[in-house]
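Let me begin by presenting the structure, written as structure tokens, before commenting on it.
Protein chains get the first letters and strands the later ones, always in sequence-line order, with residue 1 at the start of each. Note that this is a predicted model, so its numbers are computed, not measured.
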Protein chains: 2
Amino acid sequence: MRIGELADRACVSTRALRYYEEQGLLRSSRTAGGQRVYPQSAEDRVRLIRELYTAGLTSRVIASLLPAIDARHVGPELLARLLDERARTTAKIAELQAAGQRLDALIALATHPDSDSCPATLDQAAASSSAP
Amino acid sequence: MRIGELADRACVSTRALRYYEEQGLLRSSRTAGGQRVYPQSAEDRVRLIRELYTAGLTSRVIASLLPAIDARHVGPELLARLLDERARTTAKIAELQAAGQRLDALIALATHPDSDSCPATLDQAAASSSAP
DNA sequence: TTTGCCTTTGACGTTGACGTCAAGTTCTAG
DNA sequence: CTAGAACTTGACGTCAACGTCAAAGGCAAA
């Protein structure tokens, strides 16, 4: 398939696909006229790339990960980075959960009849940073 | 206190503090000479701002949230946005958890003796996008 | 008063993952 | 064979949250 179809299938822009190729994340063969041609498997590949991006990894890190995934072999150097990224991801999740609770408190503030009934929630929303 | 001390206390740069003020997130009074002066409470304020940033909110959204937090009253318009942000946060957490599992699979690939023992994990790492 | 750190505004630089526009080329349906 | 959709490379634009540098002025201690 050509770039437009892949873009549709994988729900990304053609610009993104060219960018991925430029970053060494995605390969393509070419027609006689120079247009990119992709195999069916490219769709999954792009979804994998997207997922790694979503995980907060940069293109450079992803570029170093993909060969390891393909070869099903991870070296010690890469392992260190993986553990690092894993920790980062765990931390991010915790931060997002904390933020989610804060948003919940604000939502409760709007949906509950009155604030007088439960001032503790408000305090939590306005002064959680004072916790050790 | 002046800007340097607040920066130290809240663990942010002075540039960030000026930026927050520029974005309407933080206020300050001034000395006769024009230097910024902050009350003690500013430290908590900055930490709150940082936390909201960490939650993935933009300065514009935070600027609209802070008055609601201060007044302890959330209007229906803001509530809609809050619910939206809450959903976004939930989705992000789910994505990060999925990415975390993917990273775990890669880590297992590196730390386990051999890949032959458990190819299922590898498949999961390489083809999770094919799941419905 | 002088030393010297702190602060001011202004403005340009950075980073990442693309968006967008332009000018030209290729492919495909009819 | 021809219209026009799809594709090519190249290059500049974007956005957010600051970093960084410069020139000038404020402030506290000796």
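Mapping B:I62 and B:G33 onto DNA chain D by nearest heavy atom places B:I62 closer to the 5' end of the strand. Where A:R60 and A:A32 each meet DNA chain C at their nearest nucleotide, the meeting point lying more 5' is that of A:R60. Place B:T31 and A:R2 on DNA chain D by their nearest nucleotides, and A:R2 ends up nearer the 5' end.
The base of C:dT9 is not paired with the side chain of B:R18 by any donor and acceptor separated by under 3.5 Å.
Of all nucleotides listed (D:dC7, D:dC27, D:dT20), D:dC7 comes nearest to the side chain of A:Q35. Counting only heavy atoms from C-beta on, B:T58 has its side chain closest to D:dA17 among D:dT9, D:dA17, C:dT8. Here the side chain of B:S59 is nearest to one of D:dT9, D:dC18, D:dA17, namely D:dA17.
Contact check, A:R36 against D:dT9: a side-chain N or O comes under 4.0 Å of OP1 or OP2. For C:dC18, the OP1/OP2 oxygens have a side-chain nitrogen or oxygen of A:R50 closer than 4.0 Å. Look at A:Y20 and you'll find a side-chain N or O under 4.0 angstrom from OP1 or OP2 of C:dC18. Of the side-chain N and O atoms in B:S13, one or more sit less than 4.0 angstrom from OP1 or OP2 of D:dG19. For D:dA17, one of the phosphate oxygens OP1 or OP2 lies less than 4.0 angstrom from a side-chain nitrogen or oxygen of B:Y19.
As rounded to whole Å, 10 Å separates atom P of C:dG16 from atom OH of A:Y53. At whole-Å resolution of the value, CZ in A:R30 and P in C:dT26 are 13 Å apart.
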